[in-house]
2 protein chains.
Amino acid sequence: MATMADVARSAGVSVATVSHVLNGTRPVSPGTRRAVLDAVDALGYTPNTLARSLVTARTRSIGLAVSAISNPYFTAILQGVETAALEAGYGLLLADPHDDPLHEREVARLLHERRVDGLIVAPSARPDELVDYLSRHAVPTVFLDRLIDPPGSGDGAAAAAATGAPFFDQVCAESAEPTARLVAHLAGLGHRRIGLIAGLPGLSTTRERVTGYLDGLAAAGLAHDDRLLLSGSSESAGAERATATLLALSDPPTALVTANNAMTLGALRVLRRHGLSVPRDIAVCCFDDFPWADLFSPRLTAIAQPSRELGTRAVRLLLDRLAEPGRPSRTVRLPCAFVHRTSCGCPEEATPSEAAERTASSALPKIPPEPPSEKGTAS
Amino acid sequence: MATMADVARSAGVSVATVSHVLNGTRPVSPGTRRAVLDAVDALGYTPNTLARSLVTARTRSIGLAVSAISNPYFTAILQGVETAALEAGYGLLLADPHDDPLHEREVARLLHERRVDGLIVAPSARPDELVDYLSRHAVPTVFLDRLIDPPGSGDGAAAAAATGAPFFDQVCAESAEPTARLVAHLAGLGHRRIGLIAGLPGLSTTRERVTGYLDGLAAAGLAHDDRLLLSGSSESAGAERATATLLALSDPPTALVTANNAMTLGALRVLRRHGLSVPRDIAVCCFDDFPWADLFSPRLTAIAQPSRELGTRAVRLLLDRLAEPGRPSRTVRLPCAFVHRTSCGCPEEATPSEAAERTASSALPKIPPEPPSEKGTAS
DNA sequence: AACGCTTGCGCAAGCGTTTACGCGGGGTCA
DNA sequence: TGACCCCGCGTAAACGCTTGCGCAAGCGTT
């Protein structure tokens with residue numbers, strides 16, 4: 001493989017000059033520049049970024065560690081990250097922590113050893129090891145989707161605080177309020193027994209969605225029945241079990257809220273298996289919209305997260321931090337959209353076209369288009 | 001950041017010894033080993049793979065360039081690749097060529113500049129630039145999903161042949177026969193006008209599925225009507241247009257085959273928009289199964305590709321090539337499964353459980369469980 | 001004519017590893 | 001006791017790039 005020295009020799013200049021031509025880091029006479037450029041493509045020279053990174057101490061690449069890549073939600077995030085990164089001239093290193101604390105730490109190490117400039121991570125439910133590793137090695141990181149306990153409550157945070165380093169940046173979607181809204185909607189339709197299939201315990205998203213669920217019940221003046229709140233472990237199989245349990249109750253729920261799309265899938269499977277019709281026999285609303293949601297029958301009423309933007313925001317946060325390491329850390333929360341369809345029990349709109357569908361939700365109080373909240377949480 | 005020199009100093013040994021301890025590349029006395037290891041985690045030392053790669057000339061990372069990451073099919077591939085790579089101790093660099101020939105070439109360059117050991121690419125419809133780049137720079141590559149013209153017909157191939165380098169390895173799913181099978185199934189149900197929404201012209205997958213479609217028609221003794229074969233450009237919007245065109249025909253098809261899942265989506269949208277009921281008004285079969293396909297109503301009869309295995313096979317092929325650069329190139333074709341559900345017009349099974357559904361397809365001639373064909377295509 | 005300034009470039013010291021050599025000391029064998 | 005070997009380790013030269021420093025030539029001043 002041709003190196004810079006080869007190019008230099010072939011162009012009759014020094015390697016320094018070649019470097020400067022290629023990077024535009026200092027003026028070079030037109031003649032020399034031509035000679036170099038010609039040599040470059042005569043030899044088919046490709047710069048070796050490894051060597052470059054070794055001296056500059058930056059790789060212009062970021063690591064992405066998210067579990068369950070197959071989830072359309074994460075996929076959209078991935079897309080957002082990919083485009084934003086590429087746009088900024090950054091490469092993307094991917095790794096799957098498999099939602100396991102140890103694996104997660106290993107994956108962070110792998111990425112760090114490859115000297116990514118920063119990391120974007122959707123942490124697991126027990127991220128202590130991870131946070132510990134990241135703060136010990138001062139790896140610039142933004143947490144995605146799931147929030148980490150604020151500084152002062154965890155080991156890693158303490159370590160970070162001790163070194164005076166800012167805590168991590170974070171970005172996620174608003175979860176509580178939209179979930180409450182789903183519950184309110186169902187309650188408004190007359191439902192009194194509304195079940196929730198929640199996610200993995202320990203995740204901030206789970207906590208917030210449960211909170212939203214309870215808030216929604218309270219706001220509607222409904223009593224909370226413990227037996228109606230089950231964990232579906234954030235995945236399809238768990239949701240199947242939870243749904244089956246709910247249906248076996250002596251007084252099963254008349255409406256169901258599912259807390260992410262994998263669990264929606266599981267719940268729907270079980271409902272079908274029991275020969276129940278949605279929304280006639282049981283209404284369903286889900287957190288997490290997805291591309292197929294409008295093709296089910298009934299079409300699924302859902303909360304749509306700004307998944308793609310979550311990804312781009314994460315990248316932006318990271319790049320900001322890289323540019324200015326000392327800045328106070330930020331937590332960005334993006335608003336969700338209520339996508340009103342028919343699985344909640346509301347009648348199909350007159351014109352079942354996409355356009356009509358979008359405006360349908362305006363019958364309900366609109367989420368104000370305020371800019372996403374950004375609050376500094378410098379420790 | 002601590003370097004090997006720091007560790008060496010702290011342990012009172014030379015950097016060479018540290019290196020050998022860390023890599024196990026030569027025997028070291030237990031005492032020294034301990035000292036080094038202790039120093040390592042006292043300092044929180046993390047090896048710099050950049051420096052290592054610079055001297056070893058391998059990065060232990062592979063590049064993955066696939067478009068449309070959001071497609072569940074590619075997502076499954078991605079998962080396969082990720083796990084297989086990690087298992088072999090390889091990192092994964094991701095880039096999206098956006099199905100564009102130029103972008104594709106750029107992405108390959110980006111990955112190559114980062115010195116990935118090899119590349120896995122799902123090439124676009126016009127991969128000449130890409131192939132050219134790859135063979136000029138001798139980047140070990142396996143093509144995924146879409147096949148490249150065999151050597152002797154293209155520029156890149158010619159270049160490769162000229163340098164005596166083997167042509168690229170490839171892996172894809174069987175396309176023609178399963179598509180024919182879909183058509184045969186529909187014809188068997190009495191359909192005489194069967195439409196095909198095909199993919200992007202130029203893709204091998206498109207070619208093969210069209211071939212399969214025509215074969216299926218011929219085998220059923222049906223005449224081929226040009227107007228029933230439209231391109232949906234491999235994506236949802238294109239399929240919507242194509243479907244609308246089909247429905248506007250004076251004698252529209254009574255059955256539809258869609259050639260990938262994005263197009264299935266588009267087609268279904270349009271059918272719904274036109275108030276058509278599947279399969280009563282029109283039957284639908286699709287190439288490309290996906291996780292939600294059994295929750296639609298009707299449940300979609302589809303060809304399931306072994307997507308995940310496609311990914312793992314690609315990695316295996318690549319690693320084999322890296323281990324033995326001179327080996328003749330191989331093309332691996334994996335068989336698909338016919339998943340029989342109800343959108344074709346067949347009645348729902350007695351027990352609509354998962355188990356019953358799986359066995360349902362055994363009513364039809366089974367695809368023999370022969371090992372995937374691997375034929376050498378050394379140029 | 002001497003001076004300084006600008007312009008255009010080369011020299012060489014790293015960046016953090018791996019690895020071919022080589023060297024001293026202790027054991028084994030004749 | 002000397003020859004030999006092996007064991008355990010250090011020395012130093014790469015790997016391919018960036019970048020601070022400095023030099024020579026050409027120009028416009030006084």
Passing candidate, side-chain contact (heavy atoms from CB on, under 4.5 Å) with A:I120, options A:V315, A:L317, A:L111: A:V315

Side chain to side chain contact (heavy atoms under 4.5 Å, CB included) between B:V139 and B:F168, worked out: CA-CA 10 Å; B:V139 184; B:F168 306 97; over 6 Å; no

Worked check of side chain to side chain contact (heavy atoms under 4.5 Å, CB included) between A:N48 and B:R115: CA-CA 7 Å; A:N48 185 331; B:R115 289 298 186 271; 3.8 Å; yes

Separation of atom CG in B:L22 from atom C1' in C:dT18, rounded to whole Å: 12 Å

Sorted by number, the residues of residues 28-36 of chain A with heavy-atom contact under 4.0 Å to DNA chain C: A:V28, A:S29, A:T32

Candidates B:E106, B:H112, B:E104 - the one meeting side-chain hydrogen bond (donor to acceptor under 3.5 Å, both in side chains) with B:Y133: B:H112

Salt bridge (charged side-chain N to carboxylate O under 4.0 Å, His left out) partners of B:R58, counting only residues at least two apart: none

Contact boundaries on DNA chain D for chain A, cut-off under 4.0 Å to non-hydrogen atoms: D:dG16 to D:dC21

Atom pair CG/CZ of B:L134 and B:R109 - distance to nearest 0.5 Å: 12.5 Å

Partners meeting salt bridge (charged side-chain N to carboxylate O under 4.0 Å, His left out) with B:D145 (sequence neighbours left out): none

Which nucleotides of DNA chain D pair, in dot-bracket form (Watson-Crick or G-U under 3.5 Å, | meaning another strand): ||||||||||||||||||||||||||||||

Residues in contact with DNA chain D, drawn from residues 3-21 of chain A - heavy-atom cutoff 4.0 Å: A:T3, A:M4, A:A16, A:S19, A:H20

Pairing residues for B:R146 by the salt bridge (charged side-chain N to carboxylate O under 4.0 Å, His left out) criterion, not counting sequence neighbours: B:D99

Residues which pass salt bridge (charged side-chain N to carboxylate O under 4.0 Å, His left out) with B:R60, listed by chain and number, not counting sequence neighbours: none

Polar contact flag, side-chain donor to acceptor under 3.5 angstrom, A:D117-A:T59: yes

Sorted by number, the residues of residues 112-119 of chain A with heavy-atom contact under 4.0 Å to DNA chain C: none

Any side-chain heavy-atom pair of B:V332 and B:Q170 under 4.5 Å: no

Residues touching DNA chain D, which here means a heavy atom under 4.0 Å, drawn from residues 45-55 of chain B: B:L54, B:V55

Output a table of donor-acceptor pairs, distance under 3.5 Å, between side-chain atoms of residues 4-23 of chain A and any protein atom two or more places apart or on a different chain; print 'none' if there are none.
residue : atom : partner : partner atom : Å
A:D6    : OD1  : A:R9    : NH1          : 3.4
A:D6    : OD2  : A:T3    : N            : 2.8
A:S14   : OG   : A:A16   : N            : 3.4
A:S14   : OG   : A:T17   : N            : 3.3
A:S14   : OG   : A:T17   : OG1          : 3.3
A:S19   : OG   : A:N23   : ND2          : 3.3
A:H20   : ND1  : A:A16   : O            : 3.0
A:H20   : ND1  : A:R26   : NE           : 3.2
A:N23   : OD1  : A:R52   : NH2          : 3.2
A:N23   : ND2  : A:S19   : O            : 3.0

Steps toward side chain to side chain contact (heavy atoms under 4.5 Å, CB included) verdict (A:I62, A:L93): CA-CA 6 Å; A:I62 77 187; A:L93 272 160; over 6 Å; no

Listing, residues 31-43 of chain B side-chain donor-acceptor contacts under 3.5 Å, not counting sequence neighbours, or none:
residue : atom : partner : partner atom : Å
B:T32   : OG1  : B:S29   : OG           : 2.7
B:R34   : NH2  : B:D38   : OD1          : 3.1

Salt bridge flag under 4.0 Å for residues B:D320 and B:R330: yes

Step-by-step side chain to side chain contact (heavy atoms under 4.5 Å, CB included) determination, B:L78 to B:L94: CA-CA 9 Å; B:L78 174 55; B:L94 195 66; 4.2 Å; yes

Test item: side-chain donor near acceptor, B:E113 and A:T46, under 3.5 Å: no

